[in-house]
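Okay, so here's the structure we're looking at.
Below, read A as the first sequence line, B as the second, and so on, with proteins coming before strands; counting in each chain starts at 1.
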Amino acid sequence: MKPIGLVIPVALGLIWEGAVQYGVASGRLMPPPSLLLHATVALARSGELWSHVTATMARIGLGFLFGAAAGTAMGVLNGASPFMRQLLDPTIQALRAIPSLAWVPLFILWLGIFETSKLALIAMGVFFPVYLGVLSAIQGVDRKLIEVGRVFGLTPMGIALRITGPAVLPAWIAALRTGLGLGFMFVVAAELMGASEGLGYLLLDGQQMGRADSILVAMIVFALLGKACDSILVAIGVPLLRWQDTVRARL
Amino acid sequence: MTQLSISHVGKTYADGTEALRDIQVRANEGEIVAILGGSGCGKTTLLRLVAGLDTPSAGTIAVGGETIAGTHPAISAVFQEPRLLPWLKVGANIAFGGQRLEATERQRRAEALIERIGLAGYGGRWPRDLSGGQSQRVAIARALIGHPGVLLLDEPFSALDPFTRSSLHELVLGLWAELKPTILMVTHDVDEAVTLADRIVVMKPRPGRVHESMTVDLPRPRDRLTSAFEMMKRRVLRTIDRSLDAERPPAARPAGPGGASPWL
Ligand SMILES: Nc1ncnc2c1ncn2[C@@H]1O[C@H](COP(=O)(O)OP(=O)(O)OP(=O)(O)O)[C@@H](O)[C@H]1O
Ligand SMILES: [Mg+2]
């Protein structure tokens, strides 16, 4: 990013700061940067911020793990076996047609209001993009490269590991990133539907107490965490994808 | 013992296309046989059958007396495109062809071959950084690292410029002289067939059949500028002419023996 990208946010922050300082605006519904900083420091000092962050990250982490593992496994299974694809894919596509949030009441009914239903929701959000990404990548592997594997004597397992695997890797990482993004979306939904801690709870609490500053702090922390997690995925991916001509364009 | 024999091979695809009918080709040990034919006469189909990538609908293919069913350790191939694995560096791509070799031997041969194909120092590069000719050199090295008894070449030079093509002809002939694989190659370039082959099999299309097989009796190394080379080329061209004539209804055939083919 070039420094020029900072001009607008910094200018807006300064203008708003000035407007509140000189009494043009009250800053109650839209606190200026100095107040946000103050609120963040206070939340961090009391340890409250960390407990919210860990609660949210634990949910995302577990939900992402389950969703990504299930999505990958199902994508590999259906990509490897036309029979399994014909058997399972229509059902998965039908389930995908249901907007994920519509599952919330059922999940709460089945799994209770606590962690299990939240994890299920997040995992489901992660599952679909990962499944679709892996399946379509496997189906899109260049048949000509598979033939190279066959001519040089690889077994079907060897072809899966040494040709299909590396060929699918870029799309897999891209699918995981999409899944992670959806995971963040669904953790907010899950925490809004009732939680006693977590950044989503901080959002809800801020709304009920009329504390625009906690809401904004939660939003900013969400953005930072999301970006950090995505960067970790990219950092894991880059050394594995150095062979691509487009590594920078894609990640 | 790596003589290749293709007997009475036919191939009809699932959609009903009859690509090959009753093909008989034999390549003796260490011989270079070129299959010459126009587009769509089943050349690629034939090589895919020999490579074991597809199964014949009729007939058998045998290597060293052993009928093949599927891919065979003694048979290796260079395709029309280099088909390097983009996630392996050049050295690893060459080594990939030596799946059946023991690791240190594979490494040793890969290093020797990189030098041999004129790409010393390129072992650590990605395939994306190679030119078309360099990629095809790597593909040739990959195909030969396992010292195959039979090497299949499916027009591997057709996408290259004439300069690069001649230098690759030299490379293939040099490696052939060292390793003596039986080579079955496909081409639609008469010059290339006469330069490389001991025998030329001219095919005709719809369905693909053998029209005629002829021996190229020129000493190696071959000089394109000699009259013997020219004569051989002319003989091949005449055969192609006749194969095209045979395809046309009698009324459309050019009158008289001297009628020049409009196709050549
Ligand atoms: N998988 C397939 N299914 C159905 N028909 C096919 C298939 N592959 C090839 N054919 C048909 O078989 C015939 C021979 O094709 P082939 O690719 O072997 O020709 P070729 O001699 O290699 O041509 P070219 O010089 O253009 O590469 C063609 O009519 C082609 O359409
Ligand atoms: Mg072809």
Using atom types as modelled and distance alone, determine if a side-chain donor or acceptor of B/R128 lies under 3.5 Å from a backbone N or O of A/Q244.
yes

Give a yes or no on this: more than 12 heavy atoms of other residues, nucleotides or ligands lie within 6.0 Å of atom OH of B/Y13.
yes

Interchain contact, B/L84 with chain A, by part (heavy-atom threshold 4.5 Å):
backbone

Heavy-atom cut-off 4.5 Å, strictly under: side chain, backbone, both or neither for B/F79 against chain A?
side chain

Which atom pair, heavy atoms only, marks the closest approach of B/A77 to A/V151?
N-CG1, 3.9 Å

Report the C-alpha separation of A/W243 and B/K89 in whole Å, then their side-chain angles, then the decisive distance to 0.1 Å, and conclude whether the side-chain contact (heavy atoms from CB on, under 4.5 Å) test is met.
CA-CA 8 Å; A/W243 53 271; B/K89 292 188 174 164; over 6 Å; no

Quick one: what part of B/R142 sits under 4.5 Å from any heavy atom of chain A, side chain, backbone, both or neither?
both

Atom CZ of A/F152 and atom CD1 of B/I145: how far apart are they, to the nearest 0.5 Å?
9.5 Å

Quick one, A/R162 and B/Q99 - any side-chain contact, counting heavy atoms below 4.5 Å?
yes

When the 4.5 angstrom heavy-atom criterion is applied to A/I163 and chain B, the contacting part is both

Whatever's closer than 4.5 Å to a heavy atom in chain A on B/P86 counts as both

Inter-chain contacts: residues 130-146 of chain A against chain B, heavy atoms under 4.5 Å
A/R143, A/K144, A/L145

Counting only heavy atoms not in B/E115, do more than 12 sit closer than 6.0 Å to its CD atom?
no

Pairs of heavy atoms under 4.5 Å with chain A: top-ranked of B/L53, B/I75, B/L88:
B/L53

Neighbours of chain B found in residues 65-77 of chain A - heavy atoms under 4.5 Å
none

Non-hydrogen atoms of chain A under 4.5 Å away: do they reach the side chain of B/W87, the backbone, both or neither?
both

Distance from A/E147 atom CD to B/T71 atom OG1, nearest 0.5 Å?
11.0 Å

Kindly check if the number of other-residue, nucleotide or ligand heavy atoms within 6.0 Å of CE (A/M219) is above 12?
no

Can you check whether A/V148's main-chain N or O pairs, donor with acceptor, with B/R83's side chain at less than 3.5 Å?
no

